[in-house]
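Below is one structure, written out as structure tokens; the observations come after it.
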Amino acid sequence: MPNNSATMEKIVALCKRRGFIFQSSEIYGGIGGFWDYGPLGTELKRNVKDAWWLDMVRNPPTGPDGREFQMVGVDCSIIMNPKVWEASGHVGGFSDPMVDCRLSKSRYRADQISVLAEAGNDDGQMFAFASEDEESESRAMKLLAKYLKCSAPVPSERVQTKPLMDVPTDQFNRIVGPDTKEVGTLTEPREFNLMFETFVGALQDSTSKAYLRPETAQGIFANFKNVMDSSRVKIPFGIAQIGKAFRNEINPRNYTFRSREFEQMEIEFFCNPKESRMWYEFWRDARIAWYESLGIKSDNLKPREQGEDELAHYSDACTDIEYLFPFSEETQELEGVAHRGSFDLNAHGKAAKGKEEAFAVIDDATKERYVPHVIEPSAGADRFTLAAICEAYHYDENRASPEFMCFHPRLAPIKAAVFPLVAKDGMPEIAEPIYREIKKHYPCQFDAKQSIGKRYARMDEAGTPFCFTIDGQSKDDGTITVRNRDDASQQRIPKEGVGRFLADQLGQL
RNA sequence: GCGGGUGUAGCUCAGUGGUAGAGCGUCACGUUGCCAACGUGAAUGUCGUGAGUUCGAAUCUCAUCACCCGCUCCA
């Protein structure tokens, strides 16, 4: 399919029509950045998470040195002690007040803007400029000189300079913005922290303020010692978690891609610093291979190693695993595999225990003492679910059912359907026991209503890989047909062979 | 956050001031012989929401919400 917004609109319509994804609170006009999964979408996303948990935690890939390693899971609370977010850097670093200019459409950090004004004049105009920018300051000086009807620079004794943050907001209507010539274009400073705030307990004051977690990772770090002490794990090992996280995005967009409430599938893998590069490359490659194993074609999947200028301050290396969604010309991040060094354990060691090395471990063999390095493959469950939907969407106008969803069998919400060709001549009686047997093991549907073509078409839109049809021949020789979703081809198999057929075709679920 | 666009049935949309519509889908009954068949019938609408103008508003005005596009942002 062409990669464009028209394709995306078709996908969105199909998801609504067939019950994959609904807008949250739709009957009340919706709410931006929040989405619900319908019956098919819920099965799909559950399959995504189950596949991840099985392949990464219960049966992880073999390590780079050919040895197996341990993976264990945790399920942490969404609301944590606010000190967690101070230690992690989420509170301090990202609450900068910003001002917008209504005229120039520019946005400035309020603490990086100063104003020039005439000394002693409490009613005159003030001229804003970027504090560290001489050009901007001289521009403001010229405007002040013009305002005072004298030549620039204005004598220093007639000028007062002060930070924008020291100007009361009710006087902002006297300020000329850094890129304008008019007064009153700057908004009052506004906080842009992306964390959702709430209050714990009945009193809503500063001491009860808490945050909905903006990532699941910190719950893992906070429990690092608990897991070490209770689980007999030895480095190298990983702790995994699937759970909701919340970011109060300024501008949610692109369907479910940037939601304010979303689910993460995160691993924090702890290893010896000397081996951390090896493990980083191992997880990067393992995670790419995982997406490919679930049917994401490699030309839509683009790993992108971040440049040094792009890396967060805590990260030694990071690869974004990106996918080419129909809503964008550029690939978008599904997962980040980050080499975080010992940043997180050091930060929590220092904040919670008073010293950076509080979470150091001792290597049994070498007696070496070190704070483990962390490799973090952090995947978005909703993002991959959306990628799986986009990847599955096919349109072929030559088919009776032009739209069909080619989900990988492991991800398909419904694995099989059982249809009597027509609802008479004993066909339903043969079909029903087959259906009852299949549904013990696989999500399966039975349908005897309406024409066979319409039933196939419905299953095509749901992405069901196989349809078993009982026809007139079934009564005579005990065979039924299997219809393949992807090419609409059919073959006959003995009706007793249905379970074996599905086991062979679907493999490990 | 800024600018532009769109909002009418489950989906796609028509409806420019005077009775709320179509196609597809859904459901029921009949029929059925492998790809959204056919016949008959049925259900489904806060016309995104709230104000205003008007004798009368899906239609005009304002506000607001949601979505799409382009910027901005994205620890």
Side-chain angles (χ1 to χ4, degrees), chain A residues 4-6 8-10 12-19 22-35 38 85 88-96 98-109 185 187 190 192-195 214-215 217 247-260 310-315 318 320 327-329 332-333 336 338 343 398-404 419-425 427 448-461 467-475 480-485 487-490 492:
Chain A
N4 57 40
S5 58
M8 199 61 214
E9 283 172 25
K10 283 188 158 72
V12 171
L14 185 144
C15 285
K16 172 87 190 289
R17 194 169 73 241
R18 287 302 172 207
F22 306 126
Q23 194 178 10
S24 172
S25 323
E26 191 192 87
I27 61 170
Y28 289 104
I31 176 168
F34 297 91
W35 300 89
W85 307 111
S88 69
H90 286 81
V91 173
F94 306 105
S95 56
D96 303 317
M98 309 287 282
V99 294
D100 290 309
C101 177
R102 299 185 186 92
L103 192 66
S104 73
K105 311 308 179 195
S106 301
R107 174 172 293 168
Y108 316 96
R109 272 179 60 171
T185 63
T187 64
R190 290 174 286 195
F192 279 84
N193 195 298
L194 295 186
M195 282 199 291
E215 62 177 36
R247 293 181 195 180
N248 203 355
E249 296 285 354
I250 294 166
N251 191 2
R253 199 168 287 191
N254 290 330
Y255 205 29
T256 62
F257 182 79
R258 183 172 295 158
S259 299
R260 291 184 164 126
E310 204 177 351
L311 289 172
H313 59 282
Y314 52 76
S315 186
C318 185
D320 284 344
F327 55 70
S328 175
E329 301 287 316
Q332 305 283 332
E333 181 184 352
F343 174 83
N398 296 317
R399 277 170 67 120
S401 51
E403 289 183 297
F404 58 110
F419 300 148
L421 182 60
V422 290
K424 62 176 188 179
D425 294 347
M427 296 180 202
K449 300 280 180 67
Q450 300 174 314
S451 72
I452 191 70
K454 187 172 286 195
R455 284 177 272 163
Y456 286 150
R458 285 199 196 99
M459 286 300 116
D460 281 345
E461 286 190 344
C467 295
F468 299 106
T469 301
I470 288 74
D471 59 14
Q473 190 179 333
S474 304
K475 193 161 50 175
I480 63 177
T481 66
V482 187
R483 184 253 192 194
N484 185 294
R485 170 197 66 197
D487 58 9
S489 66
Q490 284 178 287
R492 295 200 80 86

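Predicted model only: the values in this text are computed from it and were never measured. All heavy atoms count here, side chains included; hydrogens, waters and symmetry mates do not. A, B, ... follow the sequence lines: proteins, then strands. Residue 1 opens every chain.
Here the separation of G10(B) from A43(B), taken at their P atoms, is 15 Å to the nearest Å. Rounded to whole Å, the C1' atom of A22(B) lies 12 Å from the corresponding atom of U8(B). The same atom, C1', is picked in A14(B) and in U31(B); the two are 34 Å apart, to the nearest Å. For U72(B) and G4(B), the C1' atoms lie 15 Å apart once the distance is rounded to whole Å. With both ends at atom C1', the span from C65(B) to C47(B) equals 16 Å, rounded to whole Å. Rounded to whole Å, the separation between the P atoms of G18(B) and U59(B) comes to 11 Å. Rounded to whole Å, the separation between the C1' atoms of G30(B) and A37(B) comes to 14 Å. Look at the P atom in both C55(B) and U49(B): the space between them is 24 Å, to the nearest Å.
Rounded to whole angstrom, the span from the OH atom of Tyr255(A) across to the P atom of C68(B) amounts to 10 Å. Between the P atom of C67(B) and the CZ atom of Phe257(A) lies a distance of 16 Å, rounded to the nearest Å. With rounding to whole Å, Asn248(A) atom CG is found 15 Å from A75(B) atom P. Atom CZ of Phe327(A) and atom C1' of G70(B) are 15 Å apart (whole Å). As rounded to whole Å, 13 Å separates atom C1' of C67(B) from atom CZ of Arg260(A). Counting to the nearest Å, the P atom of C73(B) and the CG atom of Leu194(A) are 13 Å from each other. To the nearest angstrom, P of C74(B) lies 10 Å from CD of Glu249(A). Rounded to a whole Å, the CG atom of Asn251(A) is 12 Å from the P atom of G70(B).
Remark: U61(B) base-pairs with A51(B). Criterion, Watson-Crick or G-U wobble with two distances under 3.5 Å. Using the Watson-Crick or G-U wobble rule with both distances under 3.5 Å, G41(B) pairs with C27(B). Using Watson-Crick or G-U wobble geometry with both donor-acceptor distances under 3.5 Å, C35(B) finds no partner in any strand shown. In this structure, C13(B) and G21(B) make a Watson-Crick or G-U wobble pair, each of the two defining distances being under 3.5 angstrom. The partner of A66(B), taking Watson-Crick or G-U wobble pairs whose two distances both stay under 3.5 Å, is U6(B).
Between C11(B) and Lys10(A), no contact under 4.0 Å exists linking OP1 or OP2 to a side-chain N or O. Note on Lys16(A): a side-chain N or O is less than 4.0 Å away from OP1 or OP2 of C11(B).
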Each nucleotide N or O in nucleotides 34-43 of chain B that has a protein N or O under 3.5 Å away: list the pair and distance.
unit_1	atom_1	unit_2	atom_2	d
C34(B)	O2	Tyr456(A)	OH	2.7
C34(B)	O2	Gln490(A)	OE1	3.4
C34(B)	O2	Gln490(A)	NE2	2.8
C34(B)	N3	Tyr456(A)	OH	3.4
C34(B)	N3	Gln490(A)	NE2	2.7
C34(B)	N4	Asp471(A)	OD2	3.1
C34(B)	N4	Thr481(A)	OG1	3.2
C35(B)	O2	Arg483(A)	NH2	3.1
C35(B)	N3	Arg483(A)	NE	2.9
C35(B)	N3	Arg483(A)	NH2	3.4
C35(B)	N4	Ala488(A)	O	2.7
A36(B)	N6	Glu461(A)	OE2	2.4
A36(B)	N1	Arg18(A)	NH2	3.3
A37(B)	OP2	Ser451(A)	OG	2.2

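Between Phe327(A) and Tyr255(A), the ring center distance fails the sub-6.0 Å criterion.
When each of U32(B), C74(B), C11(B) is scored by its nearest atom to the side-chain atoms of Arg258(A), the top-ranked nucleotide is C74(B). When each of G33(B), A75(B), A28(B) is scored by its nearest atom to the side-chain atoms of Arg247(A), the top-ranked nucleotide is A75(B). Comparing C2(B), A28(B), U32(B) against the side chain of Lys449(A) picks out A28(B) as the nearest. Closest contact between the side chain of Met427(A) and the listed nucleotides G33(B), C71(B), C67(B) involves G33(B).
Rounded to the nearest 0.5 angstrom, Lys449(A) NZ and Arg455(A) CZ are separated by 10.5 Å.
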Under the criterion side chain to side chain contact (heavy atoms under 4.5 Å, CB included), I'd like the reasoning laid out for Gln450(A) against Arg458(A): C-alpha separation, chi angles, the key distance, then a yes or no. CA-CA 11 Å; Gln450(A) 300 174 314; Arg458(A) 285 199 196 99; 2.3 Å; yes
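At least one side-chain heavy atom of Lys16(A) sits under 4.5 Å from a side-chain heavy atom of Phe22(A).
Looking at heavy-atom distances under 4.0 Å, Gly472(A) makes contact with a base. Nucleic acid contact for Lys424(A): base, since at least one base atom lies under 4.0 Å from a heavy atom of the residue. Counting non-hydrogen atoms under 4.0 angstrom, Glu26(A) reaches nothing in the nucleic acid. Residue contacts shown for Gly33(A) are limited to sugar-phosphate atoms, with no base heavy atom under 4.0 Å away. Backbone-only contact: Asn254(A) has heavy atoms under 4.0 Å from sugar-phosphate atoms and none from a base. Residue contacts shown for Ile27(A) include a base, since a base heavy atom lies under 4.0 Å away.
Between Met195(A) and Gly29(A), the residue anchored nearer the 5' end of RNA chain B, judged by the nucleotide with its closest heavy atom, is Gly29(A).
Taking the six-membered ring for Trp and thresholds of 30 and 60 degrees, Trp85(A) and His90(A) have ring planes more than 60 degrees apart, a perpendicular arrangement.
Looking at Thr469(A) and Asp471(A), their side chains never bring a donor and an acceptor atom within 3.5 Å of each other.
For Arg483(A) against Asp460(A), the heavy-atom pair with the smallest separation is NH1-OD1, 2.7 Å.
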